[in-house]
Amino acid sequence: MLPASYQTIAAAILLLGGLLACVAGYRLFKVVLAVFGAILGGLAASSLVGESTPALMVGAAIGGALVGGLIMLAAYFVGVALVGAGLGAGAVHLVYTQLPGDPHPFLVVLAAVGGALLATWLQRYVIIIGTAFGGAWTTVVGAAALRGAPEAMKAAAEGDVWVAYPMNPAPGEAWVLWAFLALGAAGTLIQMRFTAGDAGRVTARRKK
């Protein structure tokens, strides 16, 4: 958990990192993995230090960010499967935000495994779609935090890394879901058309 004075900086990092992933996730996949690893590593490390020592907390966040980024880079070769697993688990949780109760852990695990298998089969498009929508959600969380939404502000500097990306960062504000879907779709189109390089041409050559 970061000191309150750093919440705005953390929110801005979420926003900028999310936009980078959304519009150029495929071309900059290693960079995106490092950024998200740094965010999660920083949140996890800072949560281990008491709030009464802000300097030590910030130092732990920086160290955790470096370690998290390096771990994600080292996991580059399984990064596609991780993206697919994250998409599968995230989809289940997103559905359950509209339903009472929480999803059964077995259902989440099943969706994650299915997403990982599908990701290894359709690597390019899974990276594009995964980074576009993952970046879109990170952008929405960062934007909501900058607007002062309480849940999103907690996400920007929360001690519990598992709620770094709340499924409802701005309760009562309907724009969140629509902004996420629109931004994710736009990011997918931008990557497919401009920033994903020869992804489309490679697929076309395979069909010939």
Side-chain angles (χ1 to χ4, degrees), residues 14-15 17-22 25-26 29-45 47 64-65 67-69 71-145 151-152 154-156 158-171 176-185 187-188 191:
L14 288 177
L15 177 64
L19 284 175
L20 176 67
C22 186
Y26 179 81
F29 190 50
K30 287 185 178 180
V31 176
V32 169
L33 284 178
V35 168
F36 277 79
I39 290 173
L40 294 176
L43 287 170
S47 68
V67 173
I71 289 175
M72 288 300 282
L73 282 177
Y76 171 71
F77 293 105
V78 294
V80 174
L82 292 176
V83 169
L87 278 177
V92 171
H93 282 287
L94 190 61
V95 169
Y96 268 81
T97 59
Q98 307 301 317
L99 299 174
D102 296 319
H104 193 280
F106 177 76
L107 182 60
V108 177
V109 172
L110 185 64
V113 172
L117 292 175
L118 183 62
T120 57
W121 183 41
L122 300 171
Q123 289 187 15
R124 293 177 181 273
Y125 293 103
V126 168
I127 292 175
I128 290 172
I129 295 171
T131 54
F133 280 90
W137 190 251
T138 304
T139 301
V140 168
V141 171
E151 291 297 320
K154 285 177 61 181
E158 179 58 60
D160 184 358
V161 69
W162 299 111
V163 295
Y165 296 98
M167 297 310 293
N168 190 8
V176 168
L177 178 60
W178 296 110
F180 160 63
L181 293 175
L183 188 58
T188 300
Q191 290 198 54

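Numbers here are sequence positions counted from 1. Predicted model, so just to flag it, every value in this text is computed and none were measured.
Scanning for side-chain contact (heavy atoms from CB on, under 4.5 Å) contacts around Ala143 gives Leu15, with sequence neighbours left out. Residues passing the side-chain contact (heavy atoms from CB on, under 4.5 Å) test with Leu122 are Leu118, Val126, sequence neighbours excluded. By the side-chain contact (heavy atoms from CB on, under 4.5 Å) test, Ala34 is found to be paired with Leu73, residues two or more places apart in sequence or in another chain being considered.
Ile127 and Gly25 make their closest contact through CG2-O, 4.3 Å (heavy atoms, listed as atom of the first residue, atom of the second, distance). Listed here is the closest heavy atom pair of Ala136 and Cys22: N-CB, 4.1 Å.
Taking CZ of Arg124 as the reference point, atom CZ of Phe29 lies at 12.5 Å (rounded to 0.5 Å). Here the CD1-CG distance, from Ile71 to Leu33, works out to 12.5 Å after rounding to the nearest 0.5 Å. Residue Thr138 holds its OG1 atom at 9.5 Å from CZ of Phe180, rounded to the nearest 0.5 Å.
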(message) Walk me through whether Val176 and Trp137 qualify under side-chain contact (heavy atoms from CB on, under 4.5 Å).
(response) CA-CA 9 Å; Val176 168; Trp137 190 251; 3.9 Å; yes
(request) Go through Phe106 and Val109 one step at a time and tell me if the side-chain contact (heavy atoms from CB on, under 4.5 Å) criterion holds. (result) CA-CA 5 Å; Phe106 177 76; Val109 172; 5.5 Å; no
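Side-chain N or O atoms of Thr188 include none that pairs as donor or acceptor with a backbone N or O of Ile129 at under 3.5 Å.
Looking at heavy atoms from C-beta onward, Trp121 lies out of side-chain contact with Leu117 at the 4.5 angstrom threshold.
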